[in-house]
Amino acid sequence: MTVIRLPDGSERVFDHPVTVFDVASSIGPGLERAAVAGKVNGKLVDLDNLIENDSELTIITEKDAEGLEVIRHSSAHLLAHAVKELFPDTQVTIGPVIEDGFYYDFSYKRPFTPEDLAAIEKRMLEIAKRNLKIERKVWDRSEAINFFKQQGEHYKAQIIESIPGDEDLSLYSQGNFTDLCRGPHVPTTAKLKVFKLMKVAGAYWRGDSNNEMLQRIYGTAWLTKDDQKKYLHRLEEAEKRDHRKIGKQLNLFHIQEEAPGMIFWHPKGWALWQQIEQYMRQVQNDNDYLEIRTPQVIDKELWVQSGHWDNFRENMFVTDTDERSFAIKPMNCPGHVQVFKQGLKSYRDLPIRLAEFGSCHRNEASGALHGMMRVRAFTQDDAHIFCTEDQIQEEVVRFIHLLKGVYNDFGFKDLLVKLSTRPVKRVGTDAQWDKSESALESALMEAALDWELQPGEGAFYGPKIEFSLKDCIGRVWQCGTLQLDFSMPERLGAEYVAEDNSRQVPVMLHRAILGSLERFIGILIENHAGAFPLWLAPTQAVVLNISKNQIDYAQRVTEELNSHGFRVSQDLRNEKITYKIREHSLQKLPYQIIVGDAEVSSKQISVRSRSGQDLGQMPVTQLIERFKEEIAIKI
RNA sequence: GCCCAUGUAGCUCAGUGGUAGAGCACUCCCUUGGUAAGGGAGAGGUCGCCAGUUCAAUUCUGGUCAUGGGCUCCA
């Protein structure tokens with residue numbers, strides 16, 4: 001007797017051991033068709049897995065998230081199968097499921113070309129149609145190693161050698177292709193219908209840059225054609241938001257060969273920047289930060305002292321002048337410590353919060369550069385808080401409050417938090433770590449935030465919290481950070497006079513809210529697809545005349561709006577109004593103001609919103625009020 | 001830094017072993033038009049850069065720089 005308990009609590013009794021498939025077909029033909037795998041007592045298994053004891057069983061169908069994963073995993077095998085058929089002397093390695101798809105890494109004597117990819121995809125479709133049964137077998141370890149070695153599959157043999165000895169080694173076969181895999185897989189290749197190979201890229205064996213560079217083929221797989229279409233559409237939509245593309249279209253910035261990884265800001269992009277910088281300056285002033293400015297180029301000696309020279313040397317731009325070596329600052333903290341050190345500080349002075357829109361340069365690996373998101377020259381909304389250990393928690397609470405307010409103002413409501421605690425290699429005493437980790441945790445609790453714990457992921461000099469935001473298409477960006485530092489103040493000789501007249505080393509908190517302004521602006525561009533809220537828009541409105549009769553009036557309207565501090569331009573060109581409206585709509589201006597003879601005689605203006613709505617005629621003062629309200633609520 | 005792809009007019013892109021083309025933008029002319037493209041004419045390119053092969057290279061080959069997609073890295 002085998003009793004199978006299903007998720008709805010019902011039980012099915014069989015007088016013999018059954019497979020997952022048997023149970024599915026005993027329930028109904030629809031389920032039989034849709035089933036791709038099973039979960040027996042919480043463990044994912046194949047459909048032909050034999051259940052010998054009473055068990056809890058969930059049948060995984062194509063419609064379950066896990067079912068789709070099984071399909072993708074089997075698609076990866078299908079890819080490997082096709083590659084082995086077309087290029088028999090390829091070595092296969094690993095082929096896992098990833099978000100929205102899968103990949104498989106291969107070792108082959110020559111690079112795969114885009115034409116190869118098309119041929120591979122075609123072969124995959126053929127193999128799928130062959131309706132090959134996918135069968136699992138448990139193998140003996142050394143036999144499996146020999147099996148793969150005989151086929152010249154040395155990477156596979158290596159993988160087996162690294163699998164713990166007490167685990168079953170399962171091999172899956174479909175036709176003449178056999179691959180090591182934990183499974184589960186769909187029962188036959190015919191279940192794989194909707195997939196597409198996306199791109200080929202390099203990837204190091206085992207992710208180690210000392211190893212061979214393998215060729216990774218990425219693919220996507222879905223349950224239905226429609227799902228796949230939606231996915232490809234989603235990619236297209238994301239591409240339309242690309243900050244590099246929009247930056248060009250809206251004339252915000254450019255990058256050129258002579259300054260790789262560095263931004264040339266154009267007037268409109270810089271206007272956007274200034275809104276953000278000035279907003280942050282105001283927020284920090286209101287929260288008792290003191291803004292400072294420190295040098296770009298500092299003698300190597302200071303970087304040796306701070307430890308950057310040892311740990312970060314290859315990422316620093318260095319300049320030798322007058323027989324001295326200088327480094328362009330990659331971080332602001334050593335400079336901030338120098339400011340702190342000027343004049344003797346008392347415990348009464350603490351906490352001291354020094355802020356800088358600090359321009360930093362880091363010589364990032366050329367292959368790592370990416371538009372404004374990963375650059376070599378960037379500006380941080382950086383600040384360092386010097387305080388006592390007892391003040392940590394209060395400071396963290398204040399910071400989180402500040403950060404939430406800022407993200408909210410920029411329209412980001414979803415906040416993801418990660419707390420990283422002490423790594424194995426670290427400085428500072430256990431007592432210090434105990435105290436500061438619990439201070440961070442308490443502060444997070446006080447802020448009513450959920451967080452993910454990352455044990456051992458802290459920096460060697462202190463624990464940290466990372467804050468990420470989610471944009472309007474669901475992508476997650478890490479921006480904010482708060483790091484405790486037990487090391488640098490001491491290395492650089494910062495101290496204060498304590499209550500008992502002793503000299504103490506302050507704790508330093510590194511913190512940023514936006515992170516890199518360049519990157520944050522890139523995120524903003526993509527989040528809004530270039531249609532910025534009024535308070536940020538580089539140009540908030542444009543005044544358009546219908547014909548040359550209204551040129552003087554249009555100029556007066558523009559001047560009046562500008563005199564109230566708004567960023568308003570005018571377009572008095574000799575063009576049709578529809579033409580001008582189209583152009584400024586493509587530039588995504590929040591408002592367009594139209595003046596013709598009717599407006600001149602009524603002393604009003606016609607207003608068109610970015611959504612294309614005609615707001616009708618109104619006096620200029622009414623628009624000014626509207627602008628003020630809209631800017632105040634930052635939408 | 002590593003792998004693959006790409007680099008042609010201001011922008012988006014086509015194209016060829018015999019020194020280049022489209023649309024939009026730009027300039028000029030006509031048009032004075034009421035909520036997403038009025039018409040005409042003109043100007044504009046050392047085909048990323050440096051070598052090599054060739055009678056001849058933007059095209060083929062090598063190198064190099066940059067960009068894009070990944071990998072690695074991000075103290």
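In what follows, chains are A, B, ... by sequence order, proteins preceding strands, each numbered from 1.
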Rounding to a whole Å, what distance do you find between [X]:[atom1] and [N]:[atom2]?
{"X": "A/Gln613", "N": "B/rA36", "atom1": "CD", "atom2": "P", "result": "13 Å"}
{"X": "A/Glu364", "N": "B/rU67", "atom1": "CD", "atom2": "P", "result": "13 Å"}
{"X": "A/Gln249", "N": "B/rA36", "atom1": "CD", "atom2": "P", "result": "20 Å"}
{"X": "A/Phe460", "N": "B/rA75", "atom1": "CZ", "atom2": "P", "result": "10 Å"}
{"X": "A/Gln592", "N": "B/rG34", "atom1": "CD", "atom2": "P", "result": "16 Å"}
{"X": "A/Arg374", "N": "B/rU67", "atom1": "CZ", "atom2": "P", "result": "13 Å"}
{"X": "A/Lys464", "N": "B/rA75", "atom1": "NZ", "atom2": "P", "result": "6 Å"}
{"X": "A/Ile546", "N": "B/rG38", "atom1": "CD1", "atom2": "P", "result": "14 Å"}

- Check the side chains of A/Ser602 and A/Glu599 for a donor-acceptor pair under 3.5 angstrom, ignoring hydrogens and angles. no

- Are A/Trp477 and A/Glu526 side-chain neighbours, meaning at least one heavy-atom pair lies under 4.5 Å?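 Result yes, sub-4.5 Å side-chain heavy-atom pair found.
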
- Message: Are A/Val337 and A/Pro489 packed together at the side-chain level, in the sense that at least one heavy-atom pair is separated by less than 4.5 angstrom?
- Response: no

Considering only the [atom1] atoms, how many Å lie between [N] and [M], rounded to the nearest integer?
{"N": "B/rU59", "M": "B/rC3", "atom1": "P", "result": "23 Å"}
{"N": "B/rU54", "M": "B/rC4", "atom1": "C1'", "result": "30 Å"}
{"N": "B/rA14", "M": "B/rU72", "atom1": "C1'", "result": "37 Å"}
{"N": "B/rG63", "M": "B/rG7", "atom1": "C1'", "result": "16 Å"}
{"N": "B/rU67", "M": "B/rG52", "atom1": "C1'", "result": "26 Å"}
{"N": "B/rG18", "M": "B/rC60", "atom1": "C1'", "result": "15 Å"}
{"N": "B/rU8", "M": "B/rU31", "atom1": "P", "result": "40 Å"}
{"N": "B/rG17", "M": "B/rG21", "atom1": "P", "result": "16 Å"}

Does [N] pair with anything, Watson-Crick or G-U wobble, both distances under 3.5 Å, and if so, with which nucleotide?
{"N": "B/rG62", "value": "B/rC50"}
{"N": "B/rA14", "value": "none"}
{"N": "B/rU27", "value": "B/rA41"}
{"N": "B/rA9", "value": "none"}
{"N": "B/rG34", "value": "none"}
{"N": "B/rG68", "value": "B/rC4"}
{"N": "B/rA57", "value": "none"}
{"N": "B/rU19", "value": "none"}

If you take atom types as modelled and just measure distance, does the side chain of [X] reach the base of [N] with a donor-acceptor pair under 3.5 Å?
{"X": "A/Arg313", "N": "B/rA75", "answer": "no"}
{"X": "A/Gln550", "N": "B/rG34", "answer": "no"}
{"X": "A/Tyr204", "N": "B/rG70", "answer": "no"}
{"X": "A/Asn574", "N": "B/rG33", "answer": "yes"}
{"X": "A/Arg362", "N": "B/rC73", "answer": "no"}

Could you work out which one of [options] sits closest to the side chain of [X]?
{"X": "A/Lys548", "options": "B/rG1, B/rU35, B/rU32", "value": "B/rU32"}
{"X": "A/Asn311", "options": "B/rA75, B/rA66, B/rC4", "value": "B/rA75"}
{"X": "A/Ser547", "options": "B/rU32, B/rG70, B/rA66", "value": "B/rU32"}
{"X": "A/Glu257", "options": "B/rC4, B/rG7, B/rA75", "value": "B/rG7"}
{"X": "A/Phe312", "options": "B/rG70, B/rA75, B/rC4", "value": "B/rA75"}
{"X": "A/Pro330", "options": "B/rA36, B/rA75, B/rA66", "value": "B/rA75"}
{"X": "A/Thr578", "options": "B/rC74, B/rA36, B/rU72", "value": "B/rA36"}
{"X": "A/Arg582", "options": "B/rA36, B/rA75, B/rU35", "value": "B/rA36"}
{"X": "A/His370", "options": "B/rA36, B/rG38, B/rG69", "value": "B/rG69"}
{"X": "A/Ile594", "options": "B/rC71, B/rG33, B/rU35", "value": "B/rU35"}

- Could you say whether A/Asp614 or A/Ser366 is positioned toward the 5' end of RNA chain B, judged by the nucleotide with the nearest heavy atom to each?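 Its nearest nucleotide being more 5', the pick is A/Ser366.
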
- Task: Between A/Arg608 and A/His308, just flag the one whose closest nucleotide in RNA chain B comes earlier from the 5' side.
- Result: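 Looking at RNA chain B, the more 5' nearest nucleotide goes with A/Arg608.
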
Which is true for [X] with a 4.0 Å heavy-atom rule: it touches a base, it touches only sugar-phosphate, or it touches nothing?
{"X": "A/Asp597", "value": "base"}
{"X": "A/Tyr103", "value": "nothing"}
{"X": "A/Met331", "value": "base"}
{"X": "A/Ala201", "value": "base"}
{"X": "A/Leu369", "value": "sugar-phosphate"}

Does a side-chain N or O from [X] land closer than 4.0 Å to OP1 or OP2 of [N], or not?
{"X": "A/Arg216", "N": "B/rC4", "answer": "no"}
{"X": "A/His584", "N": "B/rA36", "answer": "no"}
{"X": "A/Arg244", "N": "B/rG69", "answer": "yes"}
{"X": "A/Arg573", "N": "B/rC26", "answer": "yes"}
{"X": "A/Lys248", "N": "B/rU12", "answer": "yes"}

Using the ring centroid of each side chain, check whether [X] and [Y] are separated by less than 6.0 Å.
{"X": "A/Trp222", "Y": "A/Phe195", "value": "no"}
{"X": "A/Tyr104", "Y": "A/Phe106", "value": "yes"}
{"X": "A/Tyr407", "Y": "A/Phe467", "value": "no"}
{"X": "A/Phe112", "Y": "A/Phe87", "value": "yes"}
{"X": "A/Phe253", "Y": "A/His266", "value": "no"}
{"X": "A/Tyr461", "Y": "A/Phe486", "value": "no"}

- Got more than 12 heavy atoms from elsewhere within 6.0 Å of CD, A/Glu314?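 Counting other residues, nucleotides and ligands, CD of A/Glu314 stays at 12 neighbours or fewer.
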
- Item | Face-to-face stacking of A/Tyr579 with B/rA37, centres under 5.5 angstrom, angle under 30° |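 Check failed, A/Tyr579 does not stack on base of B/rA37.
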
